[in-house]
2 protein chains.
Amino acid sequence: MNQIVNLKSLKTTCQACSLSELCLPRSLDDSEMVRLDDIVQRKRPIKKGEFLFQVGQPFRSLYAVRSGSVKVFLPTPSGEEQIVGFHMPGELLGLDAMEHDTHSCSAVALETTTVCELPYQNMQELCHQIPGLNHQFMSLVSKEIGSEHEMLLMLGKKMADVRLAAFLLNLSCRFRTRGFSPNEFNLSMSRHDIANYLGLAVETVSRLFTRFQEDGILEVHRRLVTIRDMSKLVALAEYAGINCQHIKDMISDS
Amino acid sequence: MNQIVNLKSLKTTCQACSLSELCLPRSLDDSEMVRLDDIVQRKRPIKKGEFLFQVGQPFRSLYAVRSGSVKVFLPTPSGEEQIVGFHMPGELLGLDAMEHDTHSCSAVALETTTVCELPYQNMQELCHQIPGLNHQFMSLVSKEIGSEHEMLLMLGKKMADVRLAAFLLNLSCRFRTRGFSPNEFNLSMSRHDIANYLGLAVETVSRLFTRFQEDGILEVHRRLVTIRDMSKLVALAEYAGINCQHIKDMISDS
DNA sequence: CGGGCCCCTTGATCGGGATCAACGCCCGAG
DNA sequence: CTCGGGCGTTGATCCCGATCAAGGGGCCCG
């Protein structure tokens, strides 16, 4: 009896999910959402360090992060890795695997994480039946491509401090969108991961955090980051050519 | 009368197109291909330096390169640009615009180029009617994401010589796939563009071309590149963690 | 055919960030 | 509690590739 209650609480529906505005259900009506809900498999939480999938595995499902966070990376033969993204609740993973029906990158949880599994076969069928779902899916895919373009710009042209500033600002925005404070948040990834993602050495990232603190931009304690001067951070990141208008609007609103 | 003949010759069909195996028509049957053909608008050739679309323009169509080549780039407020890709015949452009119905990057012809325009609205409808088309479309999108992941790896971790080697090898493969010589080809982009794309300075690229010649890897005359020692090139590029197995197979075949 | 511009190359110097090295701190395990 | 190890910081040095500078050569234009 008790167990049934637990199962029910685990089996949150898309309708009840606070992320539905960010995720696939966006702009679906109630009946459509129920049908999406039917194919979604909500898995037991995965622990920090566990793989969601690994490069080379057959591709069966896409995954949407429900809580926690995930890093996605390309392992190289030499044992290094290149992190290509960090994923937060409401974001989709596994899009790169549709080409060869094989995962071309690996995904590992950065903390205890829950995901919704979307069997691709079923997703295709449902996208076929619900044009709005297909549209939202394409939109998320397109967003992924766009954000990778921005990343190419960072890695190709920008100084180390600009990269870190843009990274922090990006996180800040994503936290805000999810209802968390944009000014104070915990990094779920290590300095090593940040450095790897930004194409820098760990030492450089560490030194930059120190410098940003000295400049009064941040306050940092271990992985807790507090943004003290958003406008300075924006000024730095604007060199990245990233459009920060919405952040400026936010600042002037408050 | 004469004009009619010219129009007909311009109006190549998907069925007759030598690129159909690379492009969207892949795995469609004849009747399906005719329907795809109906929505494809074949435009007059665009000249070197002309824009196919520009950042900020409303998104109406995807484009498939038919002949020639195109560079795609993000312009920054400061007037620089970051090239995010070069596109060859059979490849799709404009995928990043589906998110906001606005182009988030610009595309310009590197030489006289012809493209097939695919009005997105019609594409969506046709994808809905032809599952095979939808699948091939998703596959091409996925491929785009995958190749951008590889680019992130290059820019994040690799030495200049490895980047250029991997770039040339990548071109070589794509020429081969299109029925051209993988060992001798003309670069349609300037040194400046190559440097920009690879996150290097023009001078560095130029010096590397010289060094590769001294090492007997290449022969270069202006934009004509001849690969003299494919295995050395592969050895260099393998440091990039790029899978070169198919190239090795090709070498041992010959 | 001649001039100018752009593309490319080559040389010299500089500097941002990688690398090497060492240490402090937090945290979990025993 | 103590020990050990991973994570993060800081300092010193080095090097790859950027930048500055200059010159050559092809191509398009008049």
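Within every chain, numbering begins at 1; the chains are lettered A, B, ... in the order of the sequence lines, protein sequences first and strands thereafter.
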With 3.5 Å as the limit, what N/O pairs link the protein to nucleotides 12-16 of chain C?
unit_1: C/dA12; atom_1: N6; unit_2: B/Arg207; atom_2: NH2; d: 3.3

Checklist entry - Can you name the residues that form a side-chain hydrogen bond (donor to acceptor under 3.5 Å, both in side chains) with A/Ser181, not counting sequence neighbours? => result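 Expected list: none.
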Checklist entry - Who pairs with A/Phe73 by ring pair (Phe, Tyr, Trp, His ring centres under 6.0 Å), at least two apart in sequence or on another chain? => result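 Ring pair (Phe, Tyr, Trp, His ring centres under 6.0 Å) list for A/Phe73, sorted by chain: empty.
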Item to check | Counterpart residues, side-chain contact (heavy atoms from CB on, under 4.5 Å), relative to B/Lys143 (two or more places apart) | outcome: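 If we apply the side-chain contact (heavy atoms from CB on, under 4.5 Å) test to B/Lys143, skipping adjacent residues, the hits are A/Glu99.
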Next on the checklist: Checking A/Ala107 now: which residues fulfil side-chain contact (heavy atoms from CB on, under 4.5 Å) with it, not counting sequence neighbours?
Outcome noted: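 side-chain contact (heavy atoms from CB on, under 4.5 Å) list for A/Ala107, sorted by chain: A/Leu52, A/Phe53, A/Val70, A/Val72, A/Leu93.
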Item to check | Within 6.0 angstrom of A/Phe175 CZ, more than 12 heavy atoms from elsewhere | outcome: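 Result for CZ/A/Phe175: enclosed.
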Checklist entry - Which residue pairs pass the salt bridge (Lys or Arg N to Asp or Glu O under 4.0 Å) test with at least one member in residues 185-194 of chain A, sequence neighbours excluded? => result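 Qualifying pairs: A/Lys71-A/Asp193.
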Next on the checklist: Rounded to whole Å, how long is the line connecting atom CG of B/Leu155 with atom P of D/dA18?
Outcome noted: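 The distance from CG of B/Leu155 to P of D/dA18 comes to 12 Å, rounded to the nearest Å.
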Next on the checklist: Can you measure B/Phe209 atom CZ to C/dT10 atom P for me and round it to whole angstrom units?
Outcome noted: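 From B/Phe209 CZ to C/dT10 P: 12 Å.
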Dump the pairs, protein N or O against N or O of nucleotides 22-27 of chain D, anything under 3.5 Å, distances to one decimal.
unit_1: D/dG26; atom_1: O3'; unit_2: B/Arg222; atom_2: NH2; d: 3.4

Checklist entry - Do any of residues 210-221 of chain B sit with a heavy atom less than 4.0 Å from DNA chain C, and if so which? => result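 Output list: B/Thr210.
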Checklist entry - Reckon A/Ser206 has a side-chain N or O less than 4.0 Å from the OP1 or OP2 of D/dT9? => result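 For D/dT9, OP1/OP2 do have a side-chain N/O of A/Ser206 under 4.0 Å.
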Checklist entry - Looking at D/dG8, C/dA18, C/dC8, which one has an atom nearest to any side-chain atom of A/Ser190? => result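 It is D/dG8.
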Next on the checklist: Which nucleotide wins on minimum distance to the side chain of B/Thr204, given the candidates C/dA18, D/dG17, C/dT19?
Outcome noted: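 That would be D/dG17.
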Next on the checklist: Once salt bridge (Lys or Arg N to Asp or Glu O under 4.0 Å) is applied, do any residues pair with A/Glu91, and if so which ones, sequence neighbours excluded?
Outcome noted: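 A/Glu91: salt bridge (Lys or Arg N to Asp or Glu O under 4.0 Å) contacts with A/Arg174, A/Arg178.
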Below 3.5 Å between N/O atoms, which protein atoms pair up with nucleotides 13-15 of chain D? Just atom names and distances, please.
none

Next on the checklist: Defining pairs by Watson-Crick or G-U wobble geometry with both distances under 3.5 Å, how would you list the stems of DNA chain D with at least three pairs each?
Outcome noted: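 DNA chain D forms these stems: C:1-30 with D:1-30.
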Checklist entry - ring pair (Phe, Tyr, Trp, His ring centres under 6.0 Å): which pairs involve residues 194-216 of chain B, sequence neighbours left out? => result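 Qualifying pairs, neighbours excluded: B/Phe86-B/Tyr197, B/Phe167-B/Tyr197.
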